[in-house]
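Keep in mind the model is a prediction, meaning the values are calculated, not measured. Just so it is clear, the values below take in all heavy atoms, side chains as well, and ignore hydrogens, waters and symmetry mates. Residue numbers start from 1 in every chain, and the chains themselves are labelled A, B, ... in the order their sequence lines are given, proteins ahead of strands.
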Protein chains: 2
Amino acid sequence: MIDDPSGIAPHVQSERPTLRTIATATGFSVATVSRALADDPQIAAKTRATVAAAAQRFGYVPDRAARRLRTGRTQVISLLLATEHEFLGFTHEFLTGITQVLAGTGYSVTVVPDSPDGDRLAPVRTILRNNLADGLLFTRTEAFDPRVRLLMEADFPFVSHGRTEFTAPHPWVDFDNEAFARNAVEHLVAKGRRRISLVLPGDKFTFTQHLRYGFLSAARAAGIAYDIAEGITLDSPTPDIAAVLTAARRGPNPPDGYVCVGEVTALVALAALADTGALYGVDADIVAKRASPIFDNIRPQIDTVFEDLRETGRAMAEMLLRRMEGEPADDLHRMILPVPSF
Amino acid sequence: MIDDPSGIAPHVQSERPTLRTIATATGFSVATVSRALADDPQIAAKTRATVAAAAQRFGYVPDRAARRLRTGRTQVISLLLATEHEFLGFTHEFLTGITQVLAGTGYSVTVVPDSPDGDRLAPVRTILRNNLADGLLFTRTEAFDPRVRLLMEADFPFVSHGRTEFTAPHPWVDFDNEAFARNAVEHLVAKGRRRISLVLPGDKFTFTQHLRYGFLSAARAAGIAYDIAEGITLDSPTPDIAAVLTAARRGPNPPDGYVCVGEVTALVALAALADTGALYGVDADIVAKRASPIFDNIRPQIDTVFEDLRETGRAMAEMLLRRMEGEPADDLHRMILPVPSF
DNA sequence: TCCGATTATTAAAACGTTATAAATTACCCC
DNA sequence: GGGGTAATTTATAACGTTTTAATAATCGGA
């Protein structure tokens with residue numbers, strides 16, 4: 001074994017090639033090698049070729065720490081991951097999309113927890129202050145999201161999952177929740193349903209407004225009765241949601257249609273039907289937003305609308321890369337469309 | 001608002017504080033400040049206090065890049081996240097546990113995709129070679145996992161989710177799948193079931209062996225009939241699993257009990273019952289491993305056994321920290337116990 | 001043949017930290 | 001007060017990059 005008098009980290013010192021390795025091997029200086037690898041046109045084409053070949057031969061990979069120290073760029077993208085989401089598989093699908101795009105770009109993804117009930121600004125501040133990332137992705141965006149405000153002020157690249165109501169444009173990827181809600185209501189109406197119910201996410205999230213608007217306008221246009229569950233949100237403990245939905249079923253005018261914004265809520269609604277002796281398809285119908293294929297295996301089969309979270313992750317990562325390249329925010333928007341199964 | 005004709009000071013104040021900032025402010029040298037902050041006993045206690053106060057005042061946070069360049073330690077923990085898991089919420093729960101423990105330690109978590117069907121060694125090699133992390137966590141461990149072999153050879157800190165069959169000890173956290181399978185079978189037997197069925201994960205994973213052993217030994221001890229589905233694994237496309245289970249139900253001797261290792265498989269089994277006109281609780285029973293509360297809202301309610309993935313993530317992160325501190329691997333093992341709902 | 005202008009290369013500094021070795025100061029005892 | 005030792009502090013040299021400014025090489029053109 002090679003002795004290491006330096007006392008510096010054990011697994012590093014196994015002859016990792018550096019610029020100097022290539023420099024001494026090719027006879028050029030470290031500076032030239034660095035610029036050659038950056039494809040600087042000031043460096044003769046022949047030299048660039050020689051250096052590139054040597055780098056290839058040695059399996060040279062630039063040291064991130066050194067580059068980061070020198071340039072201030074971290075090669076890191078941070079994901080603020082909300083503790084709650086409307087789908088069980090949200091994190092997995094989303095992260096899969098992001099890492100798919102980032103694979104091979106040299107960026108790595110760090111995950112930072114984001115508690116929508118807590119201080120959402122704290123992790124952002126830490127990242128900005130300590131220069132922990134070059135770009136930021138986050139979910140569960142609020143209408144006047146403080147993170148968006150702060151990041152825009154700091155001119156720090158980010159893409160939000162969900163829009164805001166700020167006037168200045170910023171990059172976002174969003175699911176068309178208004179269209180989803182509208183389609184869901186219309187579908188229920190087409191099935192003859194006249195009294196539909198909805199459980200919304202917390203009021204502060206922008207997508208809650210979109211859902212509400214789509215739901216209300218379609219219900220009013222159809223002239224049917226509707227209600228939005230009170231005292232609970234999509235993120236409430238499921239027993240609480242179950243209690244409210246079951247109570248409503250036992251009340252005077254139980255709904256005959258449910259628009260469910262998440263998978264779990266849809267299961268709760270189904271359970272409420274079963275537990276109150278109601279028959280799906282007879283006494284009530286359900287349209288649910290889904291992000292996974294689990295409903296294929298749930299009986300009775302309900303109508304679903306697919307939200308492609310993997311594609312969402314991909315779109316956000318791609319957009320962030322473009323933003324970090326300096327592309328202006330004005331056109332960096334992408335709406336993910338609902339895919340109904342009906 | 002205020003112009004800066006001098007070109008000197010003002011914006012410097014808003015710059016990130018470094019050791020030099022504190023050094024000039026306190027009158028000590030950079031070296032002293034560095035050592036004082038490291039609580040070096042060679043530095044006078046009074047000096048340490050002074051320096052600590054100044055650091056506090058400036059909101060000093062050491063620059064990760066500089067420290068990393070100098071020490072070779074990255075302050076990063078990488079998570080190799082398998083593309084498939086037996087639970088929809090696996091990623092979320094697991095990641096939540098990990099980030100909970102790592103919050104405040106100064107370590108950040110990067111997520112790297114790991115495709116169990118592809119080259120599982122490639123991401124590990126990249127991390128080792130390019131010194132991208134100080135420690136590694138991964139899931140879906142194989143009996144003779146090449147990653148474990150490589151990491152042990154390189155003496156690189158890691159914790160695997162799942163055991164291996166290597167003789168040398170390495171840190172692991174595992175769920176007692178053997179106990180789960182055994183309990184599940186015994187429970188079905190106690191309910192009077194005499195012909196039980198199981199879908200296993202891929203053969204190479206260690207936990208597959210544990211499941212098989214628990215299942216087989218309990219079934220044989222009880223003297224009942226059993227079968228393990230062939231041609232499919234837990235990770236097969238759900239339509240494939242559904243096809244096999246449904247075909248079995250239509251065959252000569254359909255099972256009257258199912259041990260389901262994942263939530264989706266349990267749903268498939270339930271659907272297979274429903275689709276073949278069988279009645280849960282009458283024609284067959286199910287015991288399923290679960291990681292989320294969704295089954296509380298699925299009707300009929302089946303018997304479940306809880307695997308606490310958040311606790312698993314916590315345990316793995318804690319263990320990795322201890323391992324990185326130099327603790328020997330010998331006792332770094334933790335078995336997560338099944339929590340039956342029955 | 002030599003000069004000015006490109007073109008190609010490189011020396012040196014810097015990013016912020018830590019570790020080594022050396023320098024300084026404080027302290028104690030005679 | 002001096003000599004020696006212990007207690008503190010600090011200068012300096014890295015770590016591997018990139019970048020600025022400067023040097024060296026090449027090339028026409030007069």
If I take atom CZ in residue Phe28(A) and atom C1' in nucleotide dA11(C), what distance separates them, rounded to the nearest angstrom?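 Atom-to-atom, Phe28(A) to dA11(C), this comes out as 16 Å.
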dA7(D) C1' sits how many Å from Lys46(B) NZ, rounded? 15 Å
Are His92(A) and Phe90(B) near enough that their ring centres are under 6.0 Å apart? no
Rounded distance in Å - CZ (Arg16(B)) to P (dA14(C)):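 Those two atoms, CZ and P, are 20 Å apart.
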Whole angstroms only, please: what is the CG-C1' distance between Leu37(B) and dA19(C)? 16 Å
Answer yes if the side chains of His170(B) and Thr164(B) hold a donor-acceptor pair under 3.5 Å, and no otherwise.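 Thr164(B) and His170(B) do have a side-chain donor-acceptor pair below 3.5 Å.
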Looking only at atom types and distance, does a side-chain atom of Arg73(B) sit under 3.5 Å from a main-chain N or O of Asp134(B), one as donor and one as acceptor?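 Not confirmed, Arg73(B) side chain does not pair with Asp134(B) backbone.
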Any N/O donor-acceptor pair, Arg35(B) side-chain to dT10(D) base, under 3.5 Å: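 It does, because a donor-acceptor pair links the side chain of Arg35(B) to the base of dT10(D) below 3.5 Å.
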May I ask you to evaluate whether Thr32(B) reaches the phosphate of dT10(D), defined as a side-chain N or O under 4.0 Å from OP1 or OP2?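 Yes, because at least one side-chain N or O of Thr32(B) sits under 4.0 Å from OP1 or OP2 of dT10(D).
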For Leu19(B) and dC15(C), give me the distance from atom CG to atom C1', rounded to whole Å.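 Nearest whole value for this atom pair: 13 Å.
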Nearest to the side chain of Ala31(A), heavy atoms from C-beta on, is which of dT18(D), dT12(D), dT10(C)? dT10(C)
Under 4.0 Å between a side-chain N or O of Ser29(B) and OP1 or OP2 of dT10(D)? yes
Atom CG of Asn130(B) to atom P of dT17(D): distance rounded to whole Å? 11 Å
Nearest-0.5 Å distance that lies between atom CZ in Phe28(B) and atom CD1 in Ile22(B):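 Atom-to-atom, Phe28(B):CZ and Ile22(B):CD1 are 12.0 Å apart.
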Inspect the contact between Arg322(B) and Glu325(B) and indicate whether a charged nitrogen and a carboxylate oxygen are less than 4.0 angstrom apart. no
Atom CZ of Arg73(B) and atom C1' of dT17(C) are separated, to the nearest Å, by 14 Å
May I ask you to verify if any side-chain N or O of Ser34(B) is less than 4.0 angstrom from the OP1 or OP2 atom of dT17(C)?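 For dT17(C), neither OP1 nor OP2 has a side-chain N or O of Ser34(B) closer than 4.0 Å.
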Go through residues 60-70 of chain A and report each residue with a non-hydrogen atom lying under 4.0 Å from DNA chain C, sorted by number. Leu69(A), Arg70(A)
Between atom CD in Gln42(B) and atom P in dA21(C), what is the gap in whole Å? 13 Å
Does CG in Asp331(B) sit with more than 12 non-hydrogen atoms of other residues, nucleotides or ligands closer than 6.0 Å? no
Between Arg334(A) and Glu318(A), is there a side-chain N and carboxylate O pair less than 4.0 Å apart? no
